[in-house]
Amino acid sequence: MTTFTTGAGTLTRDALAVLQPGFTGTTAPDWVRRRLAEGLVSVALFGRNVADPEQVTALTAALRTERDDLLVAIDEEAGDVTRLEVRTGSSFPGNHALGAVDDPALTRRVARELGRRLAACGVNLNWAPSADVNANPDNPVIGVRSFGRDPALVARHTAAYVEGLQSHGVAACTKHFPGHGDTSVDSHHALPQIDLDATTLHERELRPFRAAIEAGTRAVMTAHIRVPVLDPDRPATLSPRILTGLLRDELGYDGLIVTDGMEMGAVAGTYGLEHGVVLAIAAGADAICVGGGLADEDTVLRLQDALVTAVRSGELPEERLADAAARVRSLAAWTTGMRHSHSAAGDPAPEIGLTAARRAVTVTRAAGPAPVTAPVYVATFSPAPNIAVGDETPWGVGAELERLLPGTATGHFTGPGAGTEALRAAGGRRVVAVVRDEHRHPWMGAALDALIAAGPDTVVVEMGVPQSTPRGAVHITTHGAARVCGVAAAEAVLAG
């Protein structure tokens, strides 16, 4: 017979403590307030919860009337993945742009300013940075979210980002352990597998995570990927060998382990949500990220009950759940102490994002093209967005060129025949063609072929991973599609 050292109330509080749920709306729901009073320690904000910084500040303040040591998490990588600026595009370039500049001091300053803004809004846990090494340029979900493909570069910028973000009391959550960069499948939809040897894993994938741990990252997020060299059966999120054996014991990490979104197909579609959550905590995870899709009280109660039932049945050791809950509360205490002892209003650097975006731009000019001085037609070729980026956030150079060159017109095109459609819409005007990861989309390359054949003075702006050979009269790479990258690209169009 199992003997419990704690009562049912403590079990329930511990089960609530390990959840990081989302909710709908821009104000604090009553059910979230109730659960905070009952032991919930964390909530997660998504784009649907954000109107503007003032609203987010009011929302987090209202939540803290129920629990002062509340962890408010957000997925604010900046660059292509932004929640605070989901409707306008980010004021900061993403990792790939910072890696292209390769100035760790700049990365630290960008992360510091991002941390300042998050702290000012009452957010104290950021599910960033991505420490994935972009070993596979065809990766459908990482791409410009990575600092680059060189492990040493990724390691030094990951460390700089962690230090900058945490200087304002915002806990960094370095992801996606043990490395999501060499996948060809999006784990939002299915379970990716990385087939590599132990040497490559340790020298490439793990190097940035070791740097993050040395820099003091307060949290690490797991990846829903299978790495057979480590565990042939279970994905990292559910693997004791990977979370406890590798991350805790071998790498010596003692902070919070957070799962990636548990509704994602790689786990929920394979193991089921409730069972997956129990397996994750048993494997060594401390906090369960849920709420990107399932953002209701019923989900929280289902997961709380699943954890309590698993302890009572002996499937989940009571001590493991208690340890996980204690780690969550410990991080909450750290952020609260930092919030009460630091002012988030210090050393603002509002232009640092645009400065960094400008430094990341690379321009390749063909011989003899005339500079752009008159209104143009901006043809943006849009691939289907991945779930991490979402489809709410605007991107491109059209809006900025319309401001700089009044009379400029814009259009969006996708799929086979996009080039012909864009030429027809341009009506003989000079074209600025905007692409994102041309190398991953044959139809996009065909569209550029058509535009350049019809108009050799076509300007090309690549806002994804620049793998394709530069072409066009002027070829501009931004290494990301943040709003500030679009501004920097538009300036480069006119300068070209």
Check whether any side-chain heavy atom of [X] lies under 4.5 Å from a side-chain heavy atom of [Y], and answer yes or no.
X	Y	answer
Pro129	Glu77	no
Leu125	Cys173	yes
Val474	Thr364	no
Thr410	Glu402	yes
Thr10	Asp14	yes
Val220	Lys175	no
Thr259	Met221	no

For [X] and [Y], which heavy atoms make the closest approach, and how far apart are they?
X	Y	value
Val460	Val435	CG1-CG2, 4.5 Å
Val461	Ala489	CG1-CB, 3.9 Å
Thr393	Val86	OG1-O, 2.8 Å

Can a donor-acceptor pair be found between the side chains of [X] and [Y] at a distance below 3.5 Å?
X	Y	result
Glu462	Thr478	no
His224	Thr237	yes
Asp80	His96	no
His340	Asp68	yes

Okay, side chain of [X], backbone of [Y]: is any donor-acceptor separation there less than 3.5 Å?
X	Y	result
Asp437	Gly464	no
Glu263	Leu294	yes
Arg48	Phe23	yes
Arg436	Phe381	no
His479	Pro93	no
Asp102	Gly99	no
Asp132	His176	yes
Thr414	Ser382	yes
Gln55	Thr26	yes
Arg327	Ala287	no

State the [atom1]-[atom2] distance between [X] and [Y], to the nearest 0.5 angstrom.
X	Y	atom1	atom2	result
Glu38	Arg33	CD	CZ	14.0 Å
Arg302	Thr299	CZ	OG1	5.0 Å
Leu36	Leu16	CG	CG	9.0 Å
Arg483	Ser91	CZ	OG	4.0 Å
Ile225	Glu205	CD1	CD	7.5 Å
Leu70	Thr336	CG	OG1	8.0 Å

Can you tell which of Thr222, Ile242, Ile213 makes a side-chain contact (heavy atoms from CB on, under 4.5 Å) with Leu247?
Ile213
Salt-bridge criterion met for [X] and [Y] (N-O under 4.0 Å):
X	Y	result
Glu113	Arg117	yes
Asp69	Arg64	no
Arg34	Glu297	yes
Arg35	Asp298	no
Arg83	Asp75	yes

Apply salt bridge (charged side-chain N to carboxylate O under 4.0 Å, His left out) to the pair Arg248 and Asp286, showing each step before the final yes or no.
CA-CA 12 Å; Arg248 289 275 187 233; Asp286 306 307; 2.7 Å; yes
Parallel under 30°, tilted from 30 to 60°, perpendicular over 60°: which one fits the rings of Phe209 and Phe177?
perpendicular
Let me see the working for Asn134 and Ser146 under side chain to side chain donor-acceptor pair (under 3.5 Å), right down to the final yes or no.
CA-CA 6 Å; Asn134 202 34; Ser146 166; 5.0 Å; no
